[in-house]
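Accompanying notes for the structure given below.
Sequence lines set the chain letters: A, B, ... in the order given, protein chains first and strands last, and positions in each chain run from 1.
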Amino acid sequence: MDQLFLIKFLIPLLWAIGFTFAPKQNEKAIKLYALIGAFVCLAYSVKMYFDLPNPGLLTELFKFNMPLFFNMTYTFAMDGLSALLLILNSFLLLMVVIATWDIKTDKLRLYYFLIFALVWAVSGSLLATSLYGFYIFWEAMLIPLFILVGVFGGENRRYASFKFFMMTAAGSILMLASMCYMSAMAYKLNGSYDLTYDVIKSLNLHYDGFWSPQSLIFWAFSIAFFLKVPVFPFHSWLPDAHVEAPTAGSILLAGILLKLGIYGFLRFVIPFYPQAVDAYRDIVLYLGAIGVIYGALTAWVQKDIKKLVAFSSISHMGYIVMGVFSQNSFAVKGAIFQMVAHGISTPGLFIGVHYLYTRRHTKKLDQFGGIAKVMPRFAILFFLITAGSMAVPMTCGFVGEFMITAGVYEINKIVAILAATGIILSPIYLLKMYHLTALGEITHEENKSLKDLSLLEATPMIVLSVLTILLGLYPKIVTTMYEGTINFFTHSGL
Amino acid sequence: MENLTFVQNVLIFIALNAAALLSLNIKKFGKYISFGLSFIAAVTFFSMLYSRDVFTLGDLFTLDGNKVFLLKLVSLLNILMILINGYSSLEKVKSTLLVSYMFLGGVFLLGANELITFYVALETIALVGYALVATSNQEFSREAAVKYLVQGSIVSAIFLLGAAFYLGATGGLTLIGATVVNQELYAIAIGIFILTACFKLGAFPFHAWIADVYSNVSLGNLATNFFISKIIIGYKFITLLQLLLLECDPHFVNILVRIVQVIAVASAFYGNIMAVVQGQFKRIIAYSSVAHTGYMLMMICMTPDESYEKQLISYLVIYSLTATGVILILNQFAQLNKNKDGRDILTSGFYRNKGLAIMLSVFVLSLGGIPLTAGFAMKYMLFTNFFKEGFNLETTSIFISSVIGLAYYIRFVSDLFTENTDKMKLPVIKTRFSESLVHVIILLSIFTFGIAPSLFLGLK
Amino acid sequence: MYENYLALIPFFPLLAFLINSLLIKNKLNNIQAGLITFMGLFTSFILVILLSLHVQEVGPVHVKLWDWMNYKNIVFDIHFVMDQLSVVLCLMVTGIGSAIAFFSIGYMDHEEKVGKFFAFFALFAFSMLLLVVGENFLVLFMGWEGVGLSSYLLIGFWYEHTKNGNAAKKAFLANRVGDFGVVLGMIGYALVFNTVSFRDLQHPDLAIIAANKNLLIASSLLLVLGVTGKSAQIPLFIWLPDAMMGPTPVSALMHAATMVTAGIFLLCRVSNIIIHFSVVLDVIAWIGALTSLLAALIAITQTDIKKILAYSTVSQLGYMVMACGLGAFSTGLFHVFTHAFFKALLFLCAASVIYGCHHEQNIFKMGGLKSKMPVTFWTFVIGFLAIAGIPGFSGFFSKDEILSMAFTNPGNGIFLYSIGLISALITAFYMTRMLVLVFIVPPSHDVHDSHQHHKKEDDSHNGHEIHESPSVMTIPLLILALCSAVAGYVGMPHIFGGHENSRLFQTFVEKFTAHPMGHRELSQETEIIMMVVTTILILSSMGLAYYIYVIKDHERMRDKIKAKFLGIWIISSEKFKVDELYEIAIIKPLYQVGHFLVDVVETHIVNGFVKLITKAVSGSGNFLEETKPAKLEVGILYIAIGTALIITFVFSAFTFR
C-alpha cells in the first residue's frame with residue numbers, strides 16, 4: 001500500500017486549484033506555472049510506473065473505506081495498461097501546454113484550471129478499480145471538457161458542447177443503472193453495496209439469450225463505452241465536438257478521452273461477461289470494420305480540416321474496438337499499442353491544424369496550398385506525423401494496425417479484409433489533406449507571407465515525429481509495459 | 001419546558017404566533033415585533049422537541065422515533081426559512097406567519113393515527129397553501145389560488161369518500177392496528193388514498209395545479225411551500241400507504257402496486273419532458289418536482305423497514321434543500337433583472353459572481369444526479385433499493401427519464417458559462433450576508449450528504 | 001566480421017540520408033550533397049561485393065539486430081540476410097544506384113534544393129536495401145513501403161506544379177493497393193506456417209501446404225496483387241507512366257532498374273511455396289504476357305521519350321513476371337539483372353538528350369543528334385541492341401531463355417511463347433523508331449524555331465547550340481554500356497558456353513529459388529533453330545521501322561497508317577484509355593459513396609437519430625405544453641379521469657377473483 005499515493009494522485013487537482021490563486025494579469029507566470037505542473041505530472045506518472053513491482057498484475061495502491069457512503073470501499077490499483085495510459089495522459093498535457101503557449105484569452109486561469117482538472121479526472125478513472133470509483137471519475141471528466149468547449153470553443157460551441165455532454169452522459173446513466181442493479185444483487189449476496197473487482201466476479205450473472213441479466217448489463221456498459229469511443233453509429237458528437245473545441249480540448253479529447261472508452265471495456269466488461277462477449281463478438285467486429293471504412297470515406301469528403309482529422313480518428317478507433325473485441329491476444333496487444341500510436345499521431349495532426357488556424361484563422365482546406373514553399377519546417381514535420389497516421393511501416397501507426405489485422409484474421413476473415421482496406425483508404429484522405437495544404441501552387445495571397453514555425457512551436461511536433469519513428473522501429477518500449485496484462489483481457493485465451 | 005405537556009407547548013406556539021399577527025398593525029415597529037415573536041415561537045417549539053422522544057395525545061396522535069427526527073429537521077429548516085424571509089418587507093413577515101401555521105398543520109398530520117386528525121391536518125396545510133398563493137402579489141396569483149382551491153377541495157372530498165370506504169372496510173377510523181373485514185372496500189380506500197397522495201405531491205395525472213401555483217408564487221414563498229408541505233405530506237402518505245398495503249390481500253396489492261408504478265414512471269417522464277421545453281425557471285422547477293415525485297412514489301411499493309424510512313426522509317430533505325438552494329440563487333439573479341423569470345437572466349453569470357454561479361451549478365448538478373453530490377447518493381440509494389425489490393423494468397425506465405432530466409439541468413450550467421458579448425453592462429451581483437450564509441449551509445449539507453449519506457441514514 | 005558488414009550495408013545510405021536531410025538548411029552545395037549520397041551508395045557497393053564472394057563459398061550470412069514483436073511462436077524481428085537472391089539485387093541496387101547518383105550530380109546541378117533530392121535518393125536506396133536484405137516478411141514490407149514512400153517523395157520533387165503532386169499521389173496510392181494484398185498475403189502465410197522468416201519458408205513442409213491449400217492459394221494471389229502494384233503489371237501499372245514527372249535519374253533508378261523489380265524479387269522469395277500451386281503460376285504467367293503485349297502496343301504511338309521507355313519497362317517487366325509464372329524464377333531474375341543495366345543506360349541516355357535539348361522530351365522535336373552527341377548516341381545504340389535482343393548482347397540471352405522456357409512449358413506454353421515473340425518484335429520496332437527519330441533523322445523544320453523560343457527563355461544555358469553532356473554524365477553512360485553488353489555472358493545457354501560455364505547466374509540463384517518443374521527437354525537443334533528464327537524476325541521488324549521512319553517521309557506514312565487502322569492508333573496513343581477507365585470505374589464511384597455517406601448517412605441517419613430523439617423529447621414537450629390543463633375545468637377533468645382510472649383498475653381486480 002503506497003502511502004504517498006494520495007499526494008501523488010492529487011497533484012493535478014492541487015495544481016489546478018493553485019491556478020485560482022495565480023495573479024490575474026501576469027500571464028507569463030501562469031503559463032510557466034502550468035508548464036512546471038505538466039512536467040511534474042509527467043514525472044510522477046513515469047515514477048509510478050517504475051514503482052510497480054510487477055506491471056503484469058494489478059498492484060493495490062490505495063484502498064479507503066467510506067463507511068458513511070453505504071459502507072463503500074474505493075480501491076485504487078494500477079497495472080501496466082493503466083500506467084501506460086497515465087503516462088500518455090500527462091504527456092499529452094505537456095504537449096497541450098507547449099502547443100497552445102501563444103493562446104490569447106483573458107480567462108487564462110480558467111483555461112488551465114479546466115485542463116488540469118480534466119487530466120486529474122482521467123488519471124482518477126484510470127486508477128480506480130472499484131466500479132463506483134471509475135463511475136465517479138468518468139462523470140467528473142465530462143464537466144471540465146464541457147465547460148472548456150463551451151467557453152473557449154468556436155462559433156456554435158454551445159451546441160457542440162451540449163451534444164457532447166448529453167450523449168456521453170446518457171451512456172453513463174445507462175452504466176449507472178446497471179451498476180445499481182449489480183449492487184442490489186451484491187447486497188443480496190453479501191450484504192454490502194460494494195462493487196470491487198472480486199465482488200463483481202463473484203456475482204457471475206447467468207447468461208441465456210438477450211434478455212438475461214448478463215447480456216443486458218453487457219449492452220448497457222457497451223453502449224456507454226461505444227458512445228465514448230465512439231463506435232460507428234454512436235459517433236455523431238465527435239465531429240462537432242472537435243470542430244468547435246479549442247486545440248487543447250481536441251488534443252486531450254482525441255489523445256486520451258476516447259481511449260477511456262476502450263479502457264472501460266478492457267477493465268470492466270471483458271473480464272466479467274465472457275459469454276456475452278463471445279455471443280456478440282461478431283456484431284462488434286463488424287461495427288468496428290464499418291467504422292474503419294465509414295470514417296475513412298467520410299474524412300475524404302470533408303471540406304473542413306479539423307473535421308477530416310476527427311473522422312480519421314473514428315476510423316482509427318474502429319480498428320482498436322475490433323482489436324479489443326476479437327479476444328485474440330495478438331490483436332488485443334495491437335489494439336493497446338494502437339491506442340498509444342493514435343494518441344501520438346492525432347494530437348500531432350491537431351497541433352499542425354492549430355498552427356495553420358492561428359496563422360490563417362480558417363479551417364477550410366481550399367484556403368491553403370503550397371505552404372511547403374513558405375513553411376518548409378512545418379511541411380516536413382506535418383508530413384512525418386501524417387505518415388505515422390497513414391500507418392507507413394516504419395512508423396508507429398503500422399505496428400498496431402498490422403497486429404490487429406493479423407489477430408482478427410484468425411478470428412473472422414471477412415472483418416480482417418474489410419479492416420485491411422483501411423490501408424488503402426487512409427492514405428487517400430490523408431494525402432488529400434497534405435496535398436491541399438502543403439503542396440501545389442500558392443493560390444492565396446495571404447499564404448505567401450506565412451511565418452514558419454518558431455522553435456517553441458516546432459518542439460511538440462518534433463517530439464511527436466521522433467516518437468512516431470521510434471515506436472515504429474522499436475515497439476518493445478511500449479509493449480513490455482502492458483504485455484503481462486494481456487491474458488486478463490482475453491478470457492478465451494486465443 | 002420538559003414538564004409541559006405537548007398540548008401546552010402547542011398552545012404557547014399558537015399564542016406567540018397570534019401575538020405576532022396582532023403586532024403587525026403596530027405602526028412603527030410592527031414588522032420587527034411580529035418577526036421576533038414568530039422566531040421565538042419556532043425556537044421554543046424546536047427546543048420542546050428535544051424534551052421527550054415520544055409525544056402522544058390520547059390515541060389520536062403519537063410522534064415516535066423517525067417522526068420526531070423528521071420534525072426536528074423540518075422545524076430547524078423552518079427557522080432557517082424565517083431567517084431568510086427576514087423582516088424587511090411586511091408581505092414577507094405575513095407569509096412567515098402563514099408558514100408557521102402550515103408547520104403546525106404538518107405536526108398534527110405527522111402524528112395523526114386516525115383519519116379525522118389526518119383529514120383536519122391535511123386541510124389546514126392545504127388552506128394555508130391556498131392563502132400563500134393568493135397573498136403573493138404575482139400577476140395571476142389570485143387566479144392560480146382559486147384554481148388550486150377548487151381542485152384541492154375536490155380531492156379532499158374524494159379523500160373523505162375514501163375515508164368512508166375505509167370505515168366500511170375496517171369498522172373504524174384508526175389507521176394503526178385496524179383489522180380488515182371487507183378486502184374490496186379496503187382496496188378502494190387505499191386506491192383513493194394513493195390518489196390524494198398523487199394530487200398533494202403533484203404526480204402526473206394530478207399535477208395540474210403545480211405549474212400554475214409554482215409560477216405564480218413569489219420565489220420566497222415557493223421555498224417555504226417546498227419545505228413544509230412537501231416533506232411532511234410526502235413522508236406521511238408514503239409510510240401510511242406502506243403500512244396499509246401490508247394488511248391488504250396480496251391479489252389487490254400487486255394491482256395497487258402496479259398503479260403506483262405506472263403513475264411513478266409516467267410522472268417521471270412527464271415531468272422531465274415538460275421541464276425541457278419550459279422557458280421560465282419556476283415552471284422548470286415545478287416540472288422537475290413532478291419528476292422527482294415520480295421517483296419518490298416508487299417508495300410506496302417497498303416493504304417498510306427501518307432503513308427505508310430513514311432513506312425516504314433523507315431523500316425528501318435533501319431534495320427540498322437543493323431545490324430551495326436553486327430557488328434562492330435564481331431569486332438573486334431575478335432581482336437584478338426586474339424580477340424577470342426568463343432564462344436569459346443567467347447568461348454569463350459566472351463572470352458576474354463566481355461564488356453564486358459555482359453554487360448554482362453544484363445544486364443543479366446535484367438535482368441531476370452527478371456524483372460526489374447528494375443528488376447522486378439519493379438517486380443511487382433509491383434505485384438500488386428499487387432493484388433490490390425487483391422492479392427492474394420500472395427502474396430502468398426511470399433511469400432513462402433522468403437522462404432527459406440531465407438535459408435541462410446542464411443547460412443551467414451552460415447558460416452560466418456562456419459569455420454574451422455585452423457582459424460588461426450586467427452589474428456584478430452583491431449578496432446579503434444572510435443569503436450567502438444559507439447558501440453555504442445548503443452547499444455544505446449537499447456535499448456532506450453526497451459523501452457520507454449514512455450520517456443521516458445511520459446505516460450499519 | 002561479415003555479420004557487421006551486412007548490418008552496415010543499409011546503414012550507409014541511411015547515414016547519407018540523415019546528413020543530407022539535416023544539413024539542407026546550411027546550404028550544402030549541390031556537388032557536396034551528390035557526393036555524400038554517391039559515397040554512401042558506393043561504400044555499400046564495395047561491402048556487397050565482399051559479401052558476395054563470401055556468400056558464394058560459404059552460403060547465406062545472417063544478422064539479427066533487435067526483436068520487434070512476437071506472437072505465439074512467430075518471431076517478428078529486424079533480421080538481415082545476405083543469401084544468393086539478395087546478393088544479386090544488392091549488386092544491382094548499389095552498383096547502378098551509385099552510377100546514377102554520379103550521373104545526377106551533373107544532371108541536377110542547376111536545380112535548387114538539390115540537397116533534398118539527394119536525401120530522398122539516399123532514403124530510397126536505404127529502403128530498397130532493407131527490402132532486399134530483409135530476412136522476414138516484416139523487414140521486407142518495411143522496405144517495400146519505404147520504397148513506395150521515397151518514390152512518392154521523388155516523383156513529387158517539383159511539388160510546385162500540382163500535376164507532379166498528383167502523379168506522386170497516384171503512384172503512392174497504386175502501391176498502397178498492392179500493399180493491401182501483401183499485408184493480407186503475409187498474414188496468411190504467417191498464420192499457416194507459423195513463421196514469417198524466409199529461411200523457414202524456403203523449405204515449407206508439404207503436409208502443411210496440402211492441409212490448407214485454399215488459404216495458401218488466396219494468400220499467394222493477394223501477394224500477386226502486391227507484385228502487380230509494385231512491378232506495374234496489368235491491373236495496377238497506371239502509375240508508372242505518370243511517374244515520369246519526376247527527375248529523369250529518378251526514373252532511371254527506380255522506374256527502370258531497381259524499384260519495379262521488387263515484385264519479381266518477392267515472387268522469388270516465396271517461389272518455394274507458390275511453385276506447388278499451378279493456378280497461381282498460370283495467373284502470374286498470363287498477367288506477365290498480357291502486360292508485355294499491351295505495354296508494347298502503347299509504346300509504339302508515344303511521342304514523349306520517357307513515356308516510351310516507361311512503357312518498354314512495363315513490357316520487359318511483363319517478361320520477367322511471365323518467366324516467374326512459368327516456374328523459371330531464376331530466368332526471370334536473370335532478365336531482371338540484364339534489364340537493369342540496359343534500361344538504366346537507355347534512361348540515362350534519354351536524360352542526357354533531354355539535358356542537351358533544354359528539357360525537350362518530344363522525340364519528333366529532336367533529331368540528328370548523332371553528330372552532336374556522339375557518346376550518348378553510341379551508348380544508346382548498345383542499349384538499343386541489348387533491349388532489341390540482338391545475339392551477343394545481354395538482352396538476347398535473358399529474353400531468349402524466357403521464350404525457350406515458355407516454348408517448353410506444357411499446357412498453355414505455346415500461347416505464351418507466341419505473345420512473348422510478338423511483343424519482342426514490337427519492342428524492336430519502337431526502339432528502332434526512337435533511335436532513328438532522335439539520332440539519325442535530320443531535325444524537322446519546327447525544331448529550329450523551338451530553339452529560338454528556348455533561347456529567350458533560359459539564356460543561362462551556355463549558348464543555344466545542342467552539345468554533348470559534360471563528362472560527369474558520360475562516364476556512367478560508358479560504364480553502363482559496357483555492363484549491358486557484357487552482362488549477358490553470365491547466364492549463357494549451354495550451346496555457347498559449353499557445359500561448365502553456362503547458366504552460371506541461374507544455378508547460383510537457384511540455390512534459393514525453386515527449380516522449374518515439368519518442362520519438356522529441348523534438343524540442341526531446335527534451340528538453335530529457334531534462336532535463328534527469332535533473330536531474323538527481330539532484324540526484319542527493325543528494318544521495317546527503319547524503312548518507315550528514315551526512307552519514307554514519316555509524316556505522310558503516319559497519316560497513311562493512321563487512315564488505315566484509325567481506331568487502333570487512337571486507342572493505342574491514348575494509352576488504351578486505362579486512366580480514364582480507372583477514374584470512372586473506381587475513383588469516381590468511391591467519391592460518390594463518400595458523398596453519400598456524408599450527405600445521407602451522416603446527416604440523416606447518425607445525426608438524424610440524435611435529432612430524432614431531441615425532437616421527440618421537445619416535440620412531445622411542446623405537445624404536452626399545449627394540452628396542459630391551463631384552464632380550471634381541464635384540471636378538474638384530469639382529476640376525474642385519474643380517479644376513474646384508479647377505481648376501475650381496482651374494480652378489475654374484483655371480477656378476477
Side-chain angles (χ1 to χ4, degrees), chain A residues 163 166-167 232-237 239-240 294 296-302 329-330 333-334 369-370 372-373 376 380 383 387 390 392-394 398-399 401-403 405-407 409-410 416-417 420-421 423-429 431-432 435 438-442 472-476 479, chain C residues 21 24-25 66-69 71-72 74 76 78 113 127 130 138 141-146 148-149 152-153 156 159-162 164-166 168-169 172-173 176-177 179-180 183-184 186-188 190-191 215 590-591 593-599 601-602 605-611 613-614:
Chain A
K163 188 173 181 181
M166 275 320 297
M167 286 185 80
F232 164 62
F234 305 97
H235 65 277
S236 72
W237 60 272
D240 300 327
Y294 180 87
L297 284 180
T298 37
W300 182 23
V301 173
Q302 289 306 329
S329 65
F330 199 52
K333 197 196 275 190
K373 199 159 232 5
I380 295 164
F383 181 75
M390 245 192 305
V392 168
M394 272 177 269
F398 167 72
V399 180
E401 276 175 26
F402 171 70
M403 288 160 75
T405 324
Y409 197 81
E410 268 192 296
I417 291 166
T421 53
I423 300 177
I424 305 172
L425 297 174
S426 64
I428 293 178
Y429 63 83
L431 280 186
K432 172 191 172 189
H435 278 251
L439 305 182
E441 295 92 0
I442 296 187
L473 287 176
Y474 189 67
K476 268 236 173 299
T479 46
Chain C
S21 57
I24 284 178
K25 261 159 303 310
W66 65 78
D67 221 352
W68 194 73
M69 193 71 65
Y71 167 57
K72 284 195 268 199
I74 306 172
F76 298 90
I78 307 294
K113 281 229 205 72
S127 358
L130 213 59
L138 175 73
F141 191 65
M142 277 187 179
W144 186 276
E145 281 238 359
L149 188 72
Y152 164 77
L153 293 170
Y159 56 80
E160 292 79 16
H161 324 298
T162 41
N164 290 357
N166 293 346
K169 191 159 69 170
F172 189 75
L173 291 181
R176 280 297 276 230
V177 174
D179 300 346
F180 162 78
V183 165
L184 284 176
M186 177 159 86
I187 292 169
L191 296 180
L215 178 59
L590 207 58
Y591 202 74
V593 165
H595 269 295
F596 165 74
L597 283 182
V598 169
D599 303 342
V601 172
E602 183 73 11
I605 296 172
V606 174
N607 289 351
F609 181 69
V610 173
K611 285 198 180 60
I613 297 174
T614 37

Query - Ring-ring centroid check C:Phe76 C:Phe141, cutoff 6.0 Å - result: no
Query raised in the report: Going by heavy atoms in the side chains, are A:Pro427 and C:Phe172 under 4.5 Å from each other?
Result: yes
Query raised in the report: With sequence neighbours excluded, what pairs up with A:Tyr409 under the side chain to side chain donor-acceptor pair (under 3.5 Å) test?
Result: none
Query raised in the report: Quick one: are C:Asn164 and C:Tyr159 in side-chain contact, heavy atoms under 4.5 Å?
Result: no
Requested in this report: For the residue pair C:Trp68 and A:Val399, establish whether any side-chain heavy-atom pair is separated by less than 4.5 Å.
Outcome: yes
Report task. Calculate, to the nearest 0.5 Å, the distance between atoms CG and CZ belonging to A:Leu431 and A:Phe383 respectively. Result -> 7.0 Å
**Report entry** Per-residue contact mode, C:Trp66 against chain A (heavy atom under 4.5 angstrom)
**Finding:** side chain
Query raised in the report: Hey, does C:Lys169 have a side-chain heavy atom less than 4.5 Å from the side chain of C:Thr162?
Result: no
Query - Contact winner vs chain A - C:Ile605, C:Val177, C:Leu184, C:Leu130, heavy-atom pairs under 4.5 Å - result: C:Leu184
Report summary line: If one checks every heavy atom of A:Ala372 against chain C at 4.5 Å, the contacting part turns out to be both
**Report entry** Region of A:Leu425 in contact with chain C, defined by heavy-atom distances below 4.5 Å
**Finding:** side chain
Query raised in the report: Of all of C:Val610, C:Val183, C:Leu590, which one pairs up most often with chain A through heavy atoms under 4.5 Å apart?
Result: C:Leu590
Report summary line: Counting heavy-atom pairs under 4.5 angstrom with chain A, the leader among C:Asp179, C:Leu173, C:Thr614 is C:Leu173
Query - Side-chain heavy atoms of C:Leu597 within contact of A:Val301, under 4.5 Å - result: no
Query raised in the report: Among C:Glu160, C:Met142, C:Glu145, who wins on heavy-atom pairs under 4.5 Å with chain A?
Result: C:Glu160
Query - chain A contact via C:Leu153 - side chain, backbone, both or neither, heavy atoms under 4.5 Å - result: side chain
Query raised in the report: For A:Phe398, is it the side chain, the backbone, both or neither that has a heavy atom under 4.5 Å from a heavy atom of chain C?
Result: side chain
Report summary line: Residue from C:Val593, C:Ile613, C:Val601, C:Ile78 scoring the most non-hydrogen pairs under 4.5 Å with chain A is C:Val601
Requested in this report: Name the member of A:Gln302, A:Met166, A:Met167, A:Met390 that forms the most heavy-atom pairs with chain C at distances under 4.5 Å.
Outcome: A:Met390
Requested in this report: Applying side chain to side chain donor-acceptor pair (under 3.5 Å), name anything that partners C:Tyr152, two or more places apart in sequence or on another chain.
Outcome: A:His435
Query - Heavy-atom contact with chain A under 4.5 Å, split by part of C:Leu191 - result: side chain
Report summary line: Under 4.5 Å to a heavy atom of chain C? For A:Phe234 that would be neither
**Report entry** Region of A:Pro376 in contact with chain C, defined by heavy-atom distances below 4.5 Å
**Finding:** neither
